[in-house]
Asks: 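Structure below; questions to follow.
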Amino acid sequence: MSSVDLYKVLNVSSKADVATIQKAFKDLSLKLHPDKANISTTPPGGTETKAEREAREQRNHEQFIKVLEARDILTDPKTRQAYDYQRRAKKHSAKTCEHRKFGKHSEAGKRENERPSRSTARQGTRVNRGEKSVTIQRLECAILMLRRTFSEFCDLEPRPQSSRSYPEYLEVVSFFDILIPRTARLRDRVRDISEGSEWHSAKAVAEAHMESVNELVTMVNSLMVMGISRSTLYGTVSNICVNYMRKHGTHI
């Protein structure tokens, strides 16, 4: 899930309702959609090199993707709950680190640093329950995001009256039929882990998987809102899925 504050991205309160979030997204998308932003941000006289133009358009694209991702996560009750849980956990962790930073200068803190407790000595072999819970929540969020993206893609299925065949559409459907259960298996694997040695490797796999899923969902969602033809959409998304499988394989 995103590492940025999604509420700040949309400039809304953390208590904002769905209608407020949707309105904020609509207002921002009118300004930040690449088709409009690329025009509004063009320097006077068009005095820029090709590299500068490409960099500017890439920044506009990334800014719009952040807004799109924020809308998708915060308008779904389950993904928003998972995000809010992660957000609170980060704030709590930051406060804990700050407390330890100043507390270690006391005499008791110095003695504690010199002689770790038994629980600290055994910490390397234990699973951090807080981290595990957050990871499971994030994996469940990834599953929901994949299902939502897949559902929206299926809404753009080939028209029944069309005489053309779209094998790329079926390739994308097959891809999601593999990736969603794959993510669910990883969630179950993390949930069943009890040994610290297994936890660290599983967490690393989960983090990498969630990052790749987030990137995939963001790209597919951005394509679906661009208004391109269905044949172009199917072909582009199919290429994204093929590249994903080549890079990440088919098994957890």
Side-chain angles (χ1 to χ4, degrees), residues 1-41 55-94 131 133-156 176 179-180 183 187 206-228 233 236-237 240-241 244:
M1 196 177 293
S2 177
S3 59
V4 301
D5 191 321
L6 302 183
Y7 294 104
K8 290 184 179 180
V9 169
L10 294 176
N11 195 26
V12 296
S13 164
S14 60
K15 297 181 180 180
D17 57 18
V18 173
T20 302
I21 292 171
Q22 290 283 26
K23 183 179 183 304
F25 168 76
K26 183 178 180 180
D27 292 343
L28 287 170
S29 63
L30 290 174
K31 296 185 297 182
L32 300 179
H33 192 285
D35 290 344
K36 296 183 178 180
N38 290 344
I39 296 175
S40 63
T41 58
R56 175 174 56 81
E57 291 180 352
Q58 180 63 26
R59 288 194 298 270
N60 292 337
H61 175 74
E62 291 173 355
Q63 191 172 11
F64 178 71
I65 290 303
K66 288 180 181 179
V67 172
L68 183 65
E69 178 190 11
R71 189 281 307 268
D72 287 345
I73 292 176
L74 297 181
T75 54
D76 185 289
K78 292 185 177 180
T79 56
R80 183 175 182 177
Q81 182 182 20
Y83 171 74
D84 286 343
Y85 181 90
Q86 178 190 1
R87 186 168 176 261
R88 289 193 298 270
K90 284 186 175 181
K91 287 186 176 181
H92 175 74
S93 177
E131 287 185 356
S133 177
V134 169
T135 302
I136 293 172
Q137 289 266 2
R138 292 179 63 197
L139 284 167
E140 290 177 345
C141 176
I143 294 170
L144 289 169
M145 290 174 64
L146 285 169
R147 286 175 177 167
R148 179 172 177 173
T149 300
F150 181 40
S151 176
E152 291 178 355
F153 180 82
C154 288
D155 288 340
L156 300 172
F176 276 95
L179 186 59
I180 294 173
T183 307
R187 175 203 59 196
E207 290 287 348
H209 182 70
M210 288 184 289
E211 182 178 352
S212 65
V213 164
N214 185 65
E215 181 180 354
L216 170 78
V217 167
T218 299
M219 288 191 292
V220 175
N221 284 339
S222 65
L223 287 168
M224 289 193 293
V225 300
M226 285 184 176
I228 58 179
L233 175 66
T236 306
V237 175
I240 291 173
C241 296
Y244 182 97

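For this chain, numbers begin at 1 and follow the sequence in order. The figures that follow rest on heavy atoms only: side chains count, while hydrogens, waters and symmetry mates do not.
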Asks: Please name the pair of heavy atoms, one in Leu233 and one in Leu223, separated by the smallest distance, quoted to 0.1 Å.
Replies: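 Closest pair (atom of Leu233, atom of Leu223, distance): CD1-CB, 3.8 Å.
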Asks: Determine whether the side chains of Asn60 and Thr41 contain a donor N or O and an acceptor N or O closer than 3.5 Å.
Replies: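 Present: a donor and an acceptor within the cut-off.
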Asks: With rounding to the nearest 0.5 Å, note down the distance linking CG in Leu216 to SG in Cys241.
Replies: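 The CG atom of Leu216 sits 6.0 Å away from the SG atom of Cys241.
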Asks: State which residues pass salt bridge (charged side-chain N to carboxylate O under 4.0 Å, His left out) with Arg56; sequence neighbours excluded, sorted by chain then number.
Replies: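 In terms of salt bridge (charged side-chain N to carboxylate O under 4.0 Å, His left out), with neighbours along the sequence ignored, Arg56 is linked to Glu48.
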Asks: Under a 3.5 Å cutoff, is there a donor and acceptor pairing between the side chains of Asp76 and Tyr83?
Replies: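 Asp76 vs Tyr83: no donor-acceptor pair found between side chains.
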Asks: Of the non-hydrogen atoms in Val9 and Lys66, which two are nearest, and what is the gap between them?
Replies: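 Taking every non-hydrogen atom into account, CG1-O, 3.8 Å.
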Asks: Not counting sequence neighbours, which residues clear side chain to side chain donor-acceptor pair (under 3.5 Å) with Lys31? List them please.
Replies: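 Counting only residues at least two positions away or on another chain, Lys31 forms no side chain to side chain donor-acceptor pair (under 3.5 Å).
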Asks: Which distance, rounded to the nearest 0.5 Å, do you find between the CE of Met210 and the CD1 of Ile143?
Replies: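 That separation rounds to 10.5 Å.
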Asks: Any side-chain heavy-atom pair from Met224 and Val220 closer than 4.5 angstrom?
Replies: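 The answer is yes; the side chains approach within 4.5 Å.
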Asks: Measure the spacing between OG1 of Thr20 and NZ of Lys15 and express it to the nearest 0.5 Å.
Replies: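 Spacing of OG1 (Thr20) from NZ (Lys15) equals 13.5 Å.
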Asks: To the closest 0.5 Å, what do you measure between CG (Asn214) and CE (Met219)?
Replies: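 Nearest 0.5 Å value for the CG-CE distance: 10.0 Å.
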Asks: Taking all non-hydrogen atoms of both residues, which atom of Ala16 and which atom of Val12 are closest, and how far apart?
Replies: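 Ala16 and Val12 have their closest heavy atoms at CB-CB, 4.0 Å.
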Asks: Is the ring pair Phe25/Phe64 parallel, tilted or perpendicular, if the boundaries are 30 and 60 degrees?
Replies: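 The arrangement is tilted - the two ring planes meet at 30° to 60°.
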Asks: Checking Gln58 now: which residues fulfil side chain to side chain donor-acceptor pair (under 3.5 Å) with it, not counting sequence neighbours?
Replies: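 Partners of Gln58 by the side chain to side chain donor-acceptor pair (under 3.5 Å) criterion, ordered by chain and then number, come out as Glu62.
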Asks: Going by the rule ring pair (Phe, Tyr, Trp, His ring centres under 6.0 Å), which residues pair with Tyr244 if we only count those two or more places apart in sequence or in a different chain?
Replies: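 Tyr244 satisfies ring pair (Phe, Tyr, Trp, His ring centres under 6.0 Å) with Phe175, His248 once adjacent residues are dropped.
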Asks: Who pairs with Thr149 by side chain to side chain donor-acceptor pair (under 3.5 Å), at least two apart in sequence or on another chain?
Replies: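 Expected list: Asn221.
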Asks: Enter the distance from Glu215:CD to Ile240:CD1 here, rounded to the nearest 0.5 Å.
Replies: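 Rounded to the nearest 0.5 Å, the CD-CD1 separation comes to 9.5 Å.
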Asks: Are Arg71 and Val67 side-chain neighbours, meaning at least one heavy-atom pair lies under 4.5 Å?
Replies: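 Heavy-atom side-chain distance check fails, nothing below 4.5 Å.
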Asks: In this structure, are over 12 heavy atoms from other groups packed under 6.0 Å from Glu152 atom CD?
Replies: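 Buried by this count: over 12 neighbours within 6.0 Å.
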Asks: Once side chain to side chain donor-acceptor pair (under 3.5 Å) is applied, do any residues pair with Asn11, and if so which ones, sequence neighbours excluded?
Replies: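 Result, side chain to side chain donor-acceptor pair (under 3.5 Å) vs Asn11: none returned.
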